[in-house]
Amino acid sequence: MTRSRISVIALAVGLTVSSAAASAQTTFDFANLIYNGGTSWSGFAATNGTNCTGGDLCGTVGGPLNFAKNGISVSAFGFYDGGRGYQNAMVVQDHENGYNAAARIGAGLGVYHEITNGIPTNSSDDNVTVGEMLKLSFSNVIGLGTIQLRSDGHDVNWAQNTKFQYSTNGTAWTTASFPSDGVFAVNQNTKDFYVRYSSTNGDQFYLAAATVVPEPSTWALMGAGLVAVGLVARRRRKQDTV
C-alpha cells in the first residue's frame with residue numbers, strides 16, 4: 001500500500017471519529033426556558049406540562065415533564081422525603097427570561113413538594129431543596145457526560161463549601177462539591193440519573209442541563225477509530241523502514 005493511500009485512510013478514519021463524536025453529543029438545556037406570556041414558551045421547553053407560578057412549566061404530582069432532542073427522549077420526575085421515605089412530588093421547569101448561557105444565567109429543573117390540590121402553594125419551593133430529589137429517566141441507556149447546575153439565584157454563586165449528591169441507581173450516592181462554573185463531569189453509562197439535596201452541608205440548586213451521547217457504543221466506536229488510526233500509522237512506519 002502506498003504512503004499516500006495510507007495517509008488518506010488515516011485521515012478518513014480520523015475525520016469519521018471526530019464527526020461521530022461531534023454529531024453524537026446532545027445537550028438538554030433545561031435552563032433555556034423563556035416565558036412569552038399566556039401558554040407560550042420559547043427556548044427548550046418541555047413537550048408537556050402546564051403553566052404554574054407565573055410562567056414556569058409544571059408536571060403533575062408523580063407525573064413527569066418530558067423532553068426530546070436529536071432522537072433522544074428523557075422524562076424528569078420530582079420526589080420529596082419528609083421523613084417517610086421518598087414520595088412523589090411535582091417536577092418544575094423554572095423559566096428565566098434573562099437566560100444567558102455564556103454568563104451562566106438561568107434556572108432549570110426543580111421540585112415542588114408544598115402542594116395543595118395539585119397546585120404549588122409556595123413559589124420559593126421551585127428548586128431542589130431539603131429532602132428533594134430529581135430523577136432523569138432516558139428512553140435508552142446513554143453516555144452521560146456532564147451536568148450543569150445553577151444556584152438559587154439562577155447563577156453559579158454557591159454558598160462556600162456546599163455540596164450535592166448524585167446516583168445512577170438511586171441507591172449508591174456520591175457526594176460532590178458544587179463546581180465554580182456550574183459544570184460537573186459524570187462520565188457514566190446509564191438509563192437513569194438521580195440528583196438530590198445533600199444532607200451534609202447542602203445548598204439549593206437547579207439542574208440546568210445534561211449533555212449525553214446516544215449510547216455506550218458511541219464511545220466504543222470512537223475508541224475503535226483511534227485504534228485503527230494507530231494501526232495504520234504503525235504499518236506506515238514499518239514500510240518506511242523496509
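Between Arg104 and Arg150 the shortest heavy-atom distance is O-NE, 3.4 Å. Closest approach of Asp56 to Trp41, counting heavy atoms only: O-CZ2, 4.1 Å. Among all heavy-atom pairs drawn from Pro64 and Asn48, the shortest one is O-ND2, 3.0 Å. When every heavy atom of Asn51 is checked against every heavy atom of Gly38, the shortest pair comes out as ND2-O, 3.1 Å. When all heavy atoms of Thr171 and Trp173 are compared, the closest pair comes out as O-CD1, 3.2 Å.
With Tyr112 as the fixed residue, the side chain to side chain contact (heavy atoms under 4.5 Å, CB included) test singles out one of Asp125, Ile119, Val61, Val91: Asp125.
Side-chain contact check for Thr168 and Thr190: no donor-acceptor pair (N or O, by modelled atom type) lies under 3.5 Å.
Side-chain rings of His154 and Tyr206 approach one another, their centers coming within less than 6.0 Å. The ring of Tyr86 has its center no closer than 6.0 angstrom to the ring center of Tyr80.
Put simply, the side chain of Leu33 reaches to within 4.5 Å of the side chain of Leu57, judged on heavy atoms. Looking at Phe184 and Thr146, their side chains never come closer than 4.5 Å, going by heavy atoms from C-beta outward. Under the 4.5 Å side-chain criterion, counting only non-hydrogen atoms from C-beta, Glu96 is in contact with Ile105.
To the nearest 0.5 Å, atoms OG (Ser75) and CG (Leu136) are separated by 9.5 Å. The CG atom of Leu149 sits 11.0 Å away from the CG atom of Leu109 when rounded to the nearest 0.5 Å.
Between Phe67 and Phe30, the ring planes are perpendicular. Angles over 60° get that label, and only those under 30° would be called parallel.
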